[in-house]
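We name chains A, B, ... by the order of the sequence lines, and we start the count at 1 in each one.
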Number of protein chains: 2
Amino acid sequence: MTTPVRLALLGCGTVGQEVVRLLHEQATDLAARIGAPVELAGIAVRRLGRDRGDLPVDPALFTTDALGLVKRDDVDVVVEVVGGIEPARTWLVEALRAGKSVVTANKALLAEDGAALHDAAAEGGADLYYEASVAGAIPLLRPLRESLHGDTITRVTGIVNGTTNFILSAMDATGAGFAEALEEATELGYAEADPTADVEGFDAAAKAAILASLAFHTRVGAADVYREGITEVTAADMASAKGMGCTIKLLCIASRGPDSTGTESISVRVHPAMIPLSHPLASVGDAFNAVFVEAEAAGQLMFYGRGAGGAPTASAVLGDVVAVSRNRLARVRQASESAYADLPIRPMGEAVTRYHVSLDVADRAGVLAAVAGVFARHDVSIATVRQSGRNDDATLVIVTHMAPDAALAATVEELRRLDIVRSIASVLRVEGGS
Amino acid sequence: MTTPVRLALLGCGTVGQEVVRLLHEQATDLAARIGAPVELAGIAVRRLGRDRGDLPVDPALFTTDALGLVKRDDVDVVVEVVGGIEPARTWLVEALRAGKSVVTANKALLAEDGAALHDAAAEGGADLYYEASVAGAIPLLRPLRESLHGDTITRVTGIVNGTTNFILSAMDATGAGFAEALEEATELGYAEADPTADVEGFDAAAKAAILASLAFHTRVGAADVYREGITEVTAADMASAKGMGCTIKLLCIASRGPDSTGTESISVRVHPAMIPLSHPLASVGDAFNAVFVEAEAAGQLMFYGRGAGGAPTASAVLGDVVAVSRNRLARVRQASESAYADLPIRPMGEAVTRYHVSLDVADRAGVLAAVAGVFARHDVSIATVRQSGRNDDATLVIVTHMAPDAALAATVEELRRLDIVRSIASVLRVEGGS
């Protein structure tokens, strides 16, 4: 009998319990695929004796001493599904330095301090896998870091947060406002009691950092990502988007290209944006995730699936467990982090995008000329203008061509100070068109 | 300076030329990603001196002696983009046995005699990679054979042939018949002069065999795949599909599950089928490919992108070149073929599907009762019946519930012999619903 691969599980919430279940149910298949059986050496939890359903596991495996478990000599692979920065970082750094393979779903830690983990992995000669950290079960990181290695990725555009996609899909479908849609999401279990990480875009920003790092062979951290959440998206914005044949999605966008001085650099941002209904991402509804990848030779690719949930995330975790276990048996480790390109990161002001600006204006002669003049002064070219209403109700809707974000922001700032502009009803970036 | 990885390229058509171009353009990046430069050791072609554009390559590298090139001691990796069974098989078996890594796009060879290649790879301790063989640039095989290894894949449904998808999309959009749409596809370069391999489903069947092998850890060859092409799909079929809120696609479907005796087994088939417009595959237009994967824990996943063309295919080839080159430097090889499950393959008659049957019938009392009686005798349950027209023009359109293909076929056979049935206008399988 081959020596089993011994696994320490840190965390036993929704995902952890599914991992335990799958390890049990698929034991025979996993053993055949790996070439050795997988055994649970221990499960670290915050509190013992909590109800964890009918987990098919020896109760003696539970411990509250995660660090002690990680350090045990009979542990080969550490699976972390706890989340958060500390104490997860301490545990994983300890494991990696000791040469133990790590499989983690911890996007916050990877985005905040991925360097600490990669460095520890290099030091210990250990594997660090994290497919489950972005887009749940969708096999995305491996394609990015392996399949597309012969190509140059130019842009990654993704819907990577299920909660906000559920909320925006509901606003689109029912005309509800943000607060109402959030309430529905909370009731249905799609939003947490404290939804800040999701609705303010922190979760998506962490994932954007991970995706950009892999796509562009450059260390990108959460702090490098421009971030705007969806709390200020209104029912009127959504209606306006629909009127233009668009919908609004919270997008993570990572792109590379020459900046204004011609230097190759990258831009990583998360914000709500209007996209045309004809764009493949527009039809990604509910809590689904999808990531659209553009590469020089491969062209356009899309990956679609469930971005969260116990079973989908556990599927991604176990795929990584099989990979690192095989590597251990073959006594090899996966190629370490690829950050050779080390491209500079462009500030948001230099990101190139389009704006949709909706203005309540006085209906008198010369208004359009004055407004157009402001755009021209900032070198922002106007693509379309639509005027509706009369008298006190006149509305101007302007969509621009591509321009640097700073120029667009300055334009809006100046419009705000204009006499004839009563108020700025909405400003939204527009993506996914030409 | 690290010793370079030396590459023999077999074939220099559209894909081969793109491979040469990308190797040249991305030399620096490839070297950084691999950890060593990649050099072309030679390019085997059928005829020297043919115009191959301005390839950035020393003309002395060209040779007509492919076998001699493969055998050279200074060749580490063999890239084959020639296609066909022989002489490709001889070259690749020779290379693998000699311990050279092989990257191939040859779906026909893999489906016809994958065993010969896998066995040679095991014998020589060499890598065999073939991402480009299915769905061009879409990273699909690696996710199937690695990312989803912790899960049980239950079904793979794909549009994997661009030519037929272009033809069917044109028929759907314009109402054209098959012959007319094929002519357009040929003019635009989407169909070859001899379109048999595409329109008769041979190409899709080869890909189905490769997908099923990976998804179900079982050796599946082209001969195991039930195959029907699209040459008999008519404009009337397409119109009828549209009337039901569906479209017609050439699908490859590989599924696993218990057969009638309860034995876990697999079914692999390629045929045109009606799918509802709400199905994610329905909107895959033109020459695009997409593969829909269902797994127990991961749920539904979809992969979308360009399935053919020089640059997309070359992107997939180079992704594999990076992987096998890294493996060589690390002195490891990828886990070999995984065929441990060795599931039996169900004959088409036992595949479970639904039928859409359109009958021209005499309009007289008792017709529906007689027709329904035939379905009942074969234990095929009817989901919907639609009757239109009167007198000599009466048409009955029947959609069934799920039933074994043999029972459906026998039902249609008996209907054909029925007096009151003037003719059977069309019989199409229906997929992607419940």
Less than 4.5 Å apart, any side-chain heavy atom of [X] and any of [Y]?
{"X": "Phe303(B)", "Y": "Pro139(A)", "result": "yes"}
{"X": "Ser147(B)", "Y": "Glu131(A)", "result": "yes"}
{"X": "Leu318(A)", "Y": "His149(B)", "result": "no"}

Residue Thr28(B) versus chain A: region with a heavy atom under 4.5 Å: neither
Top contributor to chain B interface from Ala137(A), Ala298(A), Gly299(A) [non-hydrogen pairs under 4.5 Å]: Ala298(A)
Under 4.5 Å heavy-atom distance to chain B, tell me which part of [X] shows up: side chain, backbone, both or neither.
{"X": "Leu148(A)", "result": "both"}
{"X": "Leu30(A)", "result": "side chain"}
{"X": "Tyr340(A)", "result": "side chain"}

Members of residues 304-314 of chain B whose heavy atoms come closer than 4.5 Å to chain A: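 Residues of residues 304-314 of chain B touching chain A at under 4.5 Å: Tyr304(B), Gly305(B), Arg306(B), Ala311(B), Pro312(B).
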Neighbour count above 12 (heavy atom, 6.0 Å) for Tyr190(B) OH: no
How far does [atom1] of [X] sit from [atom2] of [Y], to the nearest 0.5 angstrom?
{"X": "Leu301(A)", "Y": "Asn289(B)", "atom1": "CG", "atom2": "CG", "result": "11.0 Å"}
{"X": "Asp29(A)", "Y": "Ser338(B)", "atom1": "CG", "atom2": "OG", "result": "9.0 Å"}
{"X": "Glu146(B)", "Y": "Asp320(A)", "atom1": "CD", "atom2": "CG", "result": "10.0 Å"}

Over all atoms of both residues, closest heavy-atom pair of Gly150(B) and Gln26(A):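 Shortest heavy-atom separation between Gly150(B) and Gln26(A) comes out as O-NE2, 3.7 Å.
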Nearest heavy atoms of Leu22(B) and Ala297(A), plus distance in Å: CD1-CB, 3.8 Å
